[in-house]
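Take a look at the structure set out below.
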Protein chains: 2
Amino acid sequence: MEKAVQKFRQYCQDNGMRNTPERELIIRELYRLDEHFDVDRLFLRIRNTHLKLKLSKVSIYRAIPHLIKAGLIREAFSDSGTICYEHVLGHEHHDHMKCLACGEVIEFYEKKIDEIQQKICDRLDFEMVWHVHVLGGYCKKCREINRK
Amino acid sequence: MEKAVQKFRQYCQDNGMRNTPERELIIRELYRLDEHFDVDRLFLRIRNTHLKLKLSKVSIYRAIPHLIKAGLIREAFSDSGTICYEHVLGHEHHDHMKCLACGEVIEFYEKKIDEIQQKICDRLDFEMVWHVHVLGGYCKKCREINRK
DNA sequence: ATATGTGCAAATGATTTGCTCGTGG
DNA sequence: CCACGAGCAAATCATTTGCACATAT
């Protein structure tokens with residue numbers, strides 16, 4: 001987490017931006033919250049953890065593009081209109097399965113998929129900067145419940 | 001296209017729904033518009049093609065979940081807040097690359113990816129009903145322009 | 001000192017919903 | 001006939017923007 005804060009400080013310096021306490025707070029809480037999150041979840045988290053503080057949701061919205069550019073988070077998938085993000089730093093790269101019944105998000109990773117993906121990009125001379133790979137369906141648990 | 005209309009009629013019957021001219025119009029124009037589309041694009045298309053008609057955007061919004069359930073279209077990806085759909089019927093399954101510079105959407109398909117995907121689902125006892133696989137980056141053309 | 005950041009409130013854009021009226025089966 | 005669908009307008013939800021004030025550098 002400190003690494004993330006450091007990295008963002010560097011990013012600020014490099015881009016003539018200020019390193020405000022609000023932004024550091026966002027990063028710290030972001031990394032404490034170690035799952036997938038959307039703006040609202042992060043906002044509530046900060047609200048509940050720092051009752052005295054009054055960080056506005058707008059600041060989170062404004063911080064996110066920088067956090068992405070700085071390589072701290074990435075867009076993971078969008079969930080019926082809401083964008084979900086996840087950490088990049090300290091998290092292996094992976095893709096997602098989402099249970100349509102219980103909402104659970106399962107992470108998976110297959111090197112082969114990445115390799116094929118990269119091969120396709122090379123073939124088409126496409127420079128990939130991000131990717132989203134989400135499978136929607138029903139998880140083991142929910143399927144079992146349904147069978148009964 | 002007629003196949004799509006037929007399929008939807010069946011779906012209506014099976015689900016105690018009505019087969020209205022509005023819905024048929026949506027399907028027909030949908031299939032005439034053979035790319036990726038969002039609600040607005042489809043709406044404008046209908047507006048411009050059928051100047052006399054007055055189909056409302058709301059009806060499109062309300063039709064979409066049915067069209068998806070009926071297996072006519074699927075959610076392809078979301079583009080900064082707007083959901084983009086594409087036909088299922090008469091369209092091979094494929095994934096997408098999206099150029100962040102020019103916005104072009106390139107389709108690609110690799111059977112191997114599908115196979116691996118399916119294998120992962122089987123392993124985790126996950127019943128996949130849809131998937132989204134989008135690569136964001138810069139296309140050949142835009143990269144060349146940038147090099148100059 | 002001053003450009004950049006923050007918070008608020010209002011604007012926007014996509015989508016949903018309440019309600020009334022119309023119509024397919 | 002009458003439950004389901006269509007259209008309108010108003011509501012909602014996520015996100016963005018304008019503006020006045022605050023503060024990091």
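Lettering follows sequence order; numbering is per chain, from 1.
- For E29(A) and R41(A), the salt-bridge test fails: no basic side-chain N is under 4.0 Å from an acidic carboxylate O.
- Counting any heavy atom pair closer than 4.0 Å across all strands shown, N19(A) reaches sugar-phosphate atoms only and no base atom.
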Considering only nitrogen or oxygen atoms on both sides, find all protein atoms under 3.5 Å from nucleotides 5-12 of chain C and state each distance.
residue : atom : partner : partner atom : Å
dG5(C)  : OP1  : R23(A)  : NH1          : 2.9
dG5(C)  : OP1  : R23(A)  : NH2          : 3.0
dT6(C)  : OP1  : T20(A)  : OG1          : 2.8
dG7(C)  : OP1  : K54(A)  : O            : 3.0
dG7(C)  : OP1  : S56(A)  : N            : 3.4
dG7(C)  : OP2  : S56(A)  : N            : 3.3
dG7(C)  : OP2  : S56(A)  : OG           : 3.3
dG7(C)  : OP2  : S59(A)  : OG           : 2.1
dG7(C)  : N7   : R62(A)  : NH2          : 2.9
dG7(C)  : O6   : R62(A)  : NH2          : 2.8

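- Distance I64(B) CD1 to dA6(D) P: 13 Å, rounded to the nearest Å.
- Rounded to whole Å, atom P of dT4(C) lies 13 Å from atom OH of Y11(A).
- For the pair Y61(B) OH and dA11(D) C1', the computed distance is 15 Å after rounding to whole Å.
- Distance, I83(A) CD1 to dC13(D) P: 17 Å, rounded to whole Å.
- In the model, H94(A) has a side-chain atom that pairs as donor or acceptor with a side-chain atom of H96(A) under 3.5 Å.
- Here E107(B) does not pair with K98(B) in a salt bridge; the nearest charged N to carboxylate O distance is not below 4.0 Å.
- The separation between Y85(B) atom OH and dT15(C) atom C1' is 9 Å, rounded to whole Å.
- Separation of the H93(B) and Y109(B) ring centroids falls under the 6.0 Å cut-off.
- F43(B) places its CZ atom 13 Å from the P atom of dT15(C), with the value rounded to the nearest Å.
- The residues E2(A) and R28(A) are annotated as salt-bridged, a charged nitrogen and a carboxylate oxygen being separated by less than 4.0 angstrom.
- In this structure, the CZ atom of F8(A) is 14 Å from the C1' atom of dA24(D), given to the nearest Å.
- A salt bridge links R9(B) to E24(B): one of the charged nitrogens lies within less than 4.0 Å of a carboxylate oxygen.
- The main-chain N or O of L67(B) is never found under 3.5 Å from a side-chain atom of R23(B) such that the two would form a donor-acceptor pair.
- With respect to the salt-bridge test (charged N to carboxylate O, under 4.0 angstrom), the residues K141(B) and E144(B) do not qualify.
- Using a 4.0 Å cut-off between charged side-chain N and carboxylate O, R74(A) and E86(A) make a salt bridge.
- As rounded to whole Å, 13 Å separates atom C1' of dT15(C) from atom CD1 of I68(B).
- Overall, the helix from dA1(C)-dT25(D) to dG25(C)-dC1(D) carries an axis bend of 30° between its ends, with five pairs at each end and the value rounded to 10°.
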